[in-house]
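Only one structure is covered here, and it is reproduced in the block below.
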Amino acid sequence: MTTTTARPRPQARPAAPLPSTLANGLARGAAEVKMFFRSKEAVIFTFSFPAFVLLLLGSIFDTGEAMPGGASMSQVFAASMIAYGILNTAFTSVGVGIAADREDGTLKRLRGTPITASAYFIGKIILVAVATVAEVALLLAVGVVAFGLELPTAPSTWLTFGWILLLSVIACTLVGIAASGLAKSGKNAATVLNLPVIALQFTSGVFVAISSLPDVMVKVAAFFPVRWMGQGFRSVLLPDSMAVGEVAGSWELPVVALVLGAWCVVGLLLCLLTFRWTERKAG
Amino acid sequence: MNAIEVRGLRKTYGGHTAVAGVDLTVAEGEVFALLGPNGAGKTTTTEILEGHRRRDGGEVRVLGVDPATADRRWRADIGIVLQTATDAADLTVREMVGQFAGYYPDPRGVDEVIDLCGLTEKAGARISSLSGGQRRRVDVALGIVGRPKLLFLDEPTTGFDPEVRRQFWDLVRSLAAEGTTILLTTHYLDEAEALAGRLAVIAAGRIVAEGTPRTVGGRDRAPATVSWVDAGGQHHLNTTDPVRAVTELAARGRVSELQVRQPSLEDVYLNLIGAKA
């Protein structure tokens, strides 16, 4: 026993390992999902909106007559509207959500902790995945119940549905993250992001049958992912005979994969180039 | 090792110089207050130290590391209490504190932190349902849950009622007693006087005075005012030696309403920022 032993400093604790990005990302995801579904405005006015539009448009154009190819106009809407649902839960929700996180202090607070940026994005991806699955299920249910949409039975068709859904969600989420920087504040983000969403719905044959659109509009819309998302979902949810209503007279699934894949890459590049943690400051 | 070392810190926004050469040293375990009017450069300086903002010039070491290039391990050792956050309205207090506890390698217990911040009764309440003062206590809880070595408190008691403010001061004192270094920015001079071992006054992007609450700006040497009432009416005398003035006064006979007033921290502060701002 000696009396010369240095007294341990009060803060000298053994360095515990930092928590993993995955564990933190899962915790962020759980918090994001809770916050989203607890916000009544978000659930009623944002999440349910595409189903509401589908009910309205489907009912207005429900003439009872079959289109060339056999399906009804409402069934075409029901299939195309899946693209709108994904835009809503991936592109708009993420874009508006990140702009709001920038404004209300979420990002600033997280940046002051040891959490990684990747963990934050894992949280967003979990929210998008959960919300999108719920959104697509809701839209399919409305399509089946209200408009007699027939769900495919062949596993291969569901496989196609799966990859179109996955590519669509990745592309829309990445572009949404990048687009969150377009809005100067969280308050006007929804307004700013809604313009391209609405414009693309009309020009890409989601709100209006693509066969009735002007040629130039279709050509321009072909550069964007929404047209190919709609076409992809029509290919799996409508009878093959309906391919006559498409621009090329066929489903063009390889082009769908190519364009959506390209937008995933473009979205990633845009994210890396434009993402900011904080609001743009005046002066 | 000093917790904070700053030499010649500079930051400009466009053409406006927000911080114009700040020097600052905060020793480990110290409670240090940074006082100054709005726009003086307090928040910019603090945000550079927190790693939230880039500097344009000068040397900065916080816990021995340059905050501009600091890693996660460094972030685990600091705690930041934000001034104006309105996030996570739809989570409960316990969910939010629990989430943040999970980001740190060696967090305090969730219920322990909630109790320390006086939020036990509100632990299950949504953050959106809290009062302004309770909301700020959540901010404090999130700042200390990671057991920081250095805590940044940016105007922590704005909107607190007097009783809650006293409780908060006790909390700061207990953190300081555990060895936590605290950098406090505040508008409230009584708060700085009650908590800080040392303080600095910042105005127009520069430190204009530094010292203990008793000595800052020459407060201990500044003239006191001795006032009294006698047959000739009310008198005020400014003197650097009030003891002698009172002794002389006592020798002359009875006076009433005798008062000796040393300059308060507020007097010194207002003088400092008035002269330089």
Side-chain angles (χ1 to χ4, degrees), chain A residues 7-43 97-98 100-120 123 186-187 277-283, chain B residues 3 12-16 18 28-29 47 50-53 63 67 70-92 95-96 98-107 126-128 138-139 142-143 145-150 152 177-181:
Chain A
R7 204 163 62 93
R9 291 156 41 76
Q11 306 252 338
R13 300 168 68 93
L18 287 161
S20 74
T21 290
L22 183 64
N24 285 345
L26 293 174
R28 274 303 302 167
E32 293 266 14
V33 170
K34 268 184 210 158
M35 288 190 281
F36 182 80
F37 285 101
R38 276 182 195 173
S39 162
K40 287 189 188 65
E41 299 86 1
V43 173
I98 293 177
D101 285 350
R102 219 172 257 143
E103 183 165 274
D104 70 14
T106 301
L107 280 173
K108 192 172 182 189
R109 199 194 290 285
L110 289 175
R111 249 191 120 190
T113 76
I115 198 173
T116 58
S118 307
Y120 170 75
K187 283 181 209 86
W277 281 104
T278 48
E279 275 187 274
R280 225 176 276 174
K281 253 194 119 79
Chain B
T12 21
Y13 298 113
H16 169 68
E28 233 172 49
E47 288 191 343
E50 291 167 349
H52 277 328
R53 235 170 244 294
L63 299 177
D71 60 4
R72 294 179 67 200
R73 182 54 75 181
W74 179 81
R75 296 225 164 264
D77 284 340
I78 66 164
I80 299 174
V81 175
L82 288 186
Q83 197 184 337
T84 51
T86 54
D87 54 329
D90 290 310
L91 292 181
T92 68
E95 284 169 344
M96 188 66 173
Q99 185 200 146
F100 276 71
Y103 300 156
Y104 292 93
D106 178 31
R126 297 244 181 125
I127 291 175
S128 57
V138 174
D139 293 332
L142 299 176
V145 70
R147 218 185 286 277
K149 289 180 183 155
L150 169 63
F152 292 95
E178 286 176 25
T180 312
T181 310

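Atoms considered below: every heavy atom in the structure, side chains included; atoms not considered: hydrogens, waters and symmetry mates. Throughout, protein chains are lettered first and strands after them, A, B, ... in sequence-line order, and every chain is numbered starting at 1.
- Listed here is the closest heavy atom pair of Arg73(B) and Pro105(B): NH1-CG, 3.9 Å.
- Using a 4.5 Å cut-off between heavy atoms, Leu91(B) touches chain A through backbone and side chain atoms alike.
- Side-chain contact between Glu47(B) and Lys108(A): present, with at least one pair of heavy atoms (C-beta onward) separated by less than 4.5 Å.
- Looking only at side-chain heavy atoms (C-beta outward), Arg72(B) and Tyr103(B) stay at 4.5 Å or farther from each other.
- In this structure, a donor-acceptor pair under 3.5 Å is absent between the side chains of Ser118(A) and Thr21(A).
- For Phe100(B), the part lying near chain A is the side chain, with the backbone staying farther off; criterion is any non-hydrogen pair under 4.5 Å.
- Only the backbone of Pro17(A) comes within contact range of chain B, judged by heavy atoms closer than 4.5 Å.
- Neither the backbone nor the side chain of Glu50(B) comes within contact range of chain A; no heavy atom of the residue lies under 4.5 Å from a heavy atom of that chain.
- Counting heavy atoms from C-beta on, the side chains of Met96(B) and Arg109(A) come closer than 4.5 Å.
- With chain A as the partner, the residue from Gly146(B), Ala76(B), Gly15(B) showing the most heavy-atom pairs under 4.5 Å is Ala76(B).
- For Arg126(B), the part sitting under 4.5 Å from any heavy atom of chain A is the side chain, from C-beta outward, and nothing else.
- Heavy-atom distances place no part of Asp77(B) under 4.5 Å from chain A, backbone and side chain included.
- Contact check for Leu63(B) versus Ile78(B): side-chain heavy atoms found under the 4.5 Å cut-off.
- Interface summary for chain B: among Thr113(A), Ile115(A), Thr106(A), the most heavy-atom pairs under 4.5 angstrom belong to Thr113(A).
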